[in-house]
2 protein chains.
Amino acid sequence: MRRPTIMDIAKAAGVSKGAVSYALNGRPGVSEGTRKRILDIASDLGWAPSNPARALAAGGRVGAVGLVVDRPSRSLGIEPFFMQLVSGIETELSATGVDLLLQVTEDTDTELAVYRRWASERRVDGVVMVDLRVDDPRPAAVRGLGLPAVLLGGPGGAGDLPCLYTDDSSSVREVVRYLAALGHRHVVQVSGPEEFAHTVDRGEAFREAADRAGLAGAYSVHSDYTGEAGARTTRRLLAAAERPTALVYDNDLMAVAGLGVAAEMGVDVPSQLSIVAWDDSALCRLVRPSLTAIGRDVVGHGRQVARMLGRVLEGEPVASQESSAGELHPRGSTGPLVVSHVSAVTSE
Amino acid sequence: MRRPTIMDIAKAAGVSKGAVSYALNGRPGVSEGTRKRILDIASDLGWAPSNPARALAAGGRVGAVGLVVDRPSRSLGIEPFFMQLVSGIETELSATGVDLLLQVTEDTDTELAVYRRWASERRVDGVVMVDLRVDDPRPAAVRGLGLPAVLLGGPGGAGDLPCLYTDDSSSVREVVRYLAALGHRHVVQVSGPEEFAHTVDRGEAFREAADRAGLAGAYSVHSDYTGEAGARTTRRLLAAAERPTALVYDNDLMAVAGLGVAAEMGVDVPSQLSIVAWDDSALCRLVRPSLTAIGRDVVGHGRQVARMLGRVLEGEPVASQESSAGELHPRGSTGPLVVSHVSAVTSE
DNA sequence: CGGTTCGGCTGAACCGGTTAAGCGATCGGT
DNA sequence: ACCGATCGCTTAACCGGTTCAGCCGAACCG
C-alpha cells in the first residue's frame, strides 16, 4: 500500500540504491542488462519518483513554476486572456512534467510577497510575470530573490530579465489607418490603467498614428479593463458634445460593454459608431454586431514564454524575443461613417 | 547568499537542530526564553522552511492542492466560472500557506493521468474536483490512489467523497414559474452536454417544473457550453416552425451567443423572445439587453470547498454540504410575451 | 536525604532521492 | 605477464527538515 521507493526496487533487483538511481535516470554507471531489469521492476512496482525527495537532493528542481495574476477579481473571471495563457504555458510544461502554481492577488505588494514566499520556501523553480507596469518593482525583486523569471511584455523596464514582447505600435497604426480610411476623424482610444507599460506604449503609438493620419479629434482616455468602467467611460464619451465616431478599446471586455452602452443610448453600431477591441476572443464573435478585434495568439505566447523559462532553468542564456504582432479581424462593428447621422449630430 | 537552514540557526543559538525545530513549530520541548531567542535569530537570518524538506520528513504535507479543469479550451477562456472558483479557493488556501496547482486537460483520461502523477510523485496533498459526470470514474480513481479529494457537485455519483452540492431544482422551478407567469408556454432549455451530472439534474427538474406549470411546449436540447454551439442551437430553435418564446441556457456564454443570434435573425428580445442565463457574471450585465440570470456565489463555493478539503487533510471527518441555491436576477432579457408578435408567428 | 518526576535539551535516525568516492573485476596494450 | 584504464557496482554522505529515545539537572515528595 505504501508508495514504492528506490530502496524497494534495489532490494527486488538485488542491487544498491545508487545503482537504481543511475538506471532510472539514464546515466552511465550500470550495465544495459541491469538497467533493463531495474526499469522493469520499477514499472512493475509502479514506482514514481518522490518529488519532494528529488527537490531536496543536491540542488534539485522542484519541478514547478509559478504565475501570479494581479488584476481586480471582477474583470479577471471574464478575461479570456489568462486562461488561454495558462493553457498555453501548460501544454509546454506538461511535456517536461513541470507543474504550474497559480496565484491570484489583489495588489503588487501581495504579489511580491508571493514571490518571496515561493523563493524562500522553494516552492517553484521560476516564475512567469505578466502585466508589466511603469516603474515595475518586480523585475528587480525577483532578481534580488535569485528567482529565475521570464516576462511577458517589455522589453522596456524588464531590467535584465528575458522577455517576450509584442510591438503593438504596428497593430495600432493598422487600426488607425483602417478607421481613417473608413472616414473616421474623431477616434478615441479607451485604454487600460496608465500604470501598465503596454498601455503607455499603445497610447503613444495611437497618438502618433493619429497625428500621421491627420486625425485632429483623436485622443486617449484611461479606464481599468473592467466592464463597468468601460461602460461608464463609453457613456461619458457618447454623451459629449463632440461625439466620437470610432472607439478603440484596450480589451475585449470593455469593448463589449461599450457596445452595450451604444445600444442603450440608441447609437447605432457601425453606422454611427465603429468599435474595435483589443484581444480577440470568442466573446467578440458572439455579440451583435460582432466586434472587429485585434487578435493575438495568446496560447502561442504562453507556450513560447514557457519554453523560454524552461531554457532559463536549464541555465542557458536566453535572449528576449519579439513575438508576432496582433492581426486585425474586421467584423460587423466597424464600417464607413454614414454621413447623414454624423451631420445630424455635428451640425449647427 | 545560501538560504539559511535550521542548522545555521542552531549554530547561532548554540543549540541543536532538534531544539530549533521544536521552537519554530511552537511545540513543547524548549523553554520560552530559548524559543524567543531562536525565533529572533530565525527572523534575523530571514529563514523560511524548505518546503521539499518538510514534505519529505515523516509523513509531511507538500502544502499544495490541485485542481484539474477539463473543458474544451475554447469555452474555457471565457467562462468566468473557473477563475472565480480559483480565486475563492485561493483566498482560503493562502491563509494556511497552501498553494494551488492548476492543470487544464482535454479529456477525462488525461485528467486521471494527472491525478495519478500528482499522487505518485507526491505533488499535492489533495485535489478539488469539479464537473461531475454521469458514471464519473474520478471519485473511484482518486480513492484508489489514496488521494484526498472533495467534490464540487454531486452528491449522486460522488462515491464516498465529501462534496459541496447545490440543489438546482429549486432554481429551475423558480425560472420556469417566472417564465410561465410572464405568459410563456413554449420554453426550451439549452443545456450542457448530457454527460454532466448537473445537466441531467437540471434537465429533469426542468421537465418536471414545466409539467407542473402546464407548459406543454417545453423541452430540452443539449449543447456543449461553447458560444459557437450555443449559437448554432439557437439558430435551429428560432428557425423552427413552432418557435420557442423563451430560452433557458445552462451557462452565460451560450446565452450571450443566443442573444446574438436573436439579433441576427431579427427576433426581438424580450418582446418576442425571453432569455435566461445560468451563471451570472459581468458578461450578463454588459450585453444589451442585459441578461436575466441565475447567479451563484462561485467565489464562496470555492472558499467553502477549500475549507472542506483543508479539514479532510487534517484527517477530520467531513460531511457533504449543500450550498445555497442560485438566485434569479431578472434583467432586460425577459419580459411578458407581446401577443401581436406571437400571433403573427403561431397563427394559421 | 534518596528516589521519582518532569522540563529542557541533545543525538541520531529517518524521509527518498542524488552523487562523489572507492573498489574489485575485466580488458586492452605492450 | 604485468600495468593501467575502464566498467559496473557499492558505500556513504548529503539535501533540510521532523521526531523519538535518552540524558542531565532541578524540583518535588515522602
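Note on naming: letters A, B, ... go to the chains in the order of the sequence lines (proteins, then strands), and numbering restarts at 1 for each one. Just so you know, these numbers come straight off a predicted model, no measurement behind them.
Looking only at distances, a side-chain donor or acceptor of A:Glu90 sits under 3.5 Å from a matching main-chain atom of B:Val104. Proximity of a side-chain donor or acceptor of A:Asp107 to a complementary backbone N or O of A:Asp109 within less than 3.5 Å is detected. A:Arg3 places a side-chain N or O within donor-acceptor distance of the main-chain N or O of B:Ser120, the cut-off being under 3.5 Å.
Residue B:Ser16 has a polar side-chain atom (N or O) positioned under 4.0 Å from OP1 or OP2 of C:dT10. Distances shown here put every side-chain N or O of B:Arg35 at or beyond 4.0 Å from the OP1 or OP2 atom of C:dG8. Residue B:Ser21 has a polar side-chain atom (N or O) positioned under 4.0 Å from OP1 or OP2 of D:dT18. OP1 or OP2 of D:dC9 lies within a sub-4.0 Å distance of a side-chain N or O belonging to A:Thr34. Phosphate proximity of C:dC15 to A:Ser50: absent, as no side-chain N or O sits under 4.0 Å from OP1 or OP2. Look at A:Trp47 and you won't find any side-chain N or O under 4.0 angstrom from OP1 or OP2 of C:dG16.
Heavy-atom distances to DNA chain C give each of B:Arg122 and B:Gly14 a nearest nucleotide, and the one nearer the 5′ end belongs to B:Gly14. Heavy-atom nearest nucleotides on DNA chain C were determined for B:Val20 and for A:Met7, and the one closer to the 5' end corresponds to B:Val20. Comparing B:Ala19 and A:Gly29 by the nucleotide of DNA chain D that holds the closest heavy atom to each, the one mapping nearer the 5' end is A:Gly29.
Which of D:dT19, C:dG8, D:dT11 sits closest to the side chain of B:Tyr22 comes down to D:dT19. For B:Lys17, taking side-chain heavy atoms from C-beta onward, the closest of the listed nucleotides C:dG17, D:dG17, C:dC9 is D:dG17.
Between B:His198 and B:Phe196, the ring planes are parallel. Angles under 30° get that label, and only those over 60° would be called perpendicular.
The distance from atom CD1 of A:Ile9 to atom P of C:dT18 is 10 Å, rounded to the nearest whole Å. What separates CG of A:Asn25 from P of D:dC9 is a distance of 16 Å, to the nearest Å. Look at CZ on B:Arg54: it is 5 Å from P on D:dT18, rounded to the nearest Å. Nucleotide D:dT11 holds its C1' atom 13 Å from the CD1 atom of A:Ile6, rounded to whole Å. Across the protein-nucleic acid pair, A:Asn51 atom CG and C:dG17 atom P stand 10 Å apart, rounded to whole Å. A straight line from CZ of B:Arg27 to P of C:dT10 spans 17 Å, rounded to a whole angstrom. We find that CG of B:Leu56 is positioned 8 Å from C1' of C:dG17, with the value rounded to whole Å. In this structure, CZ of A:Arg2 is placed 6 Å from P of C:dG16, rounded to the nearest angstrom.
Residue contacts shown for B:Ala23 are absent, as no nucleic acid heavy atom lies under 4.0 Å away.
Residues A:Trp47 and A:Asp8 bring no donor and acceptor atom of their side chains to less than 3.5 Å of each other.
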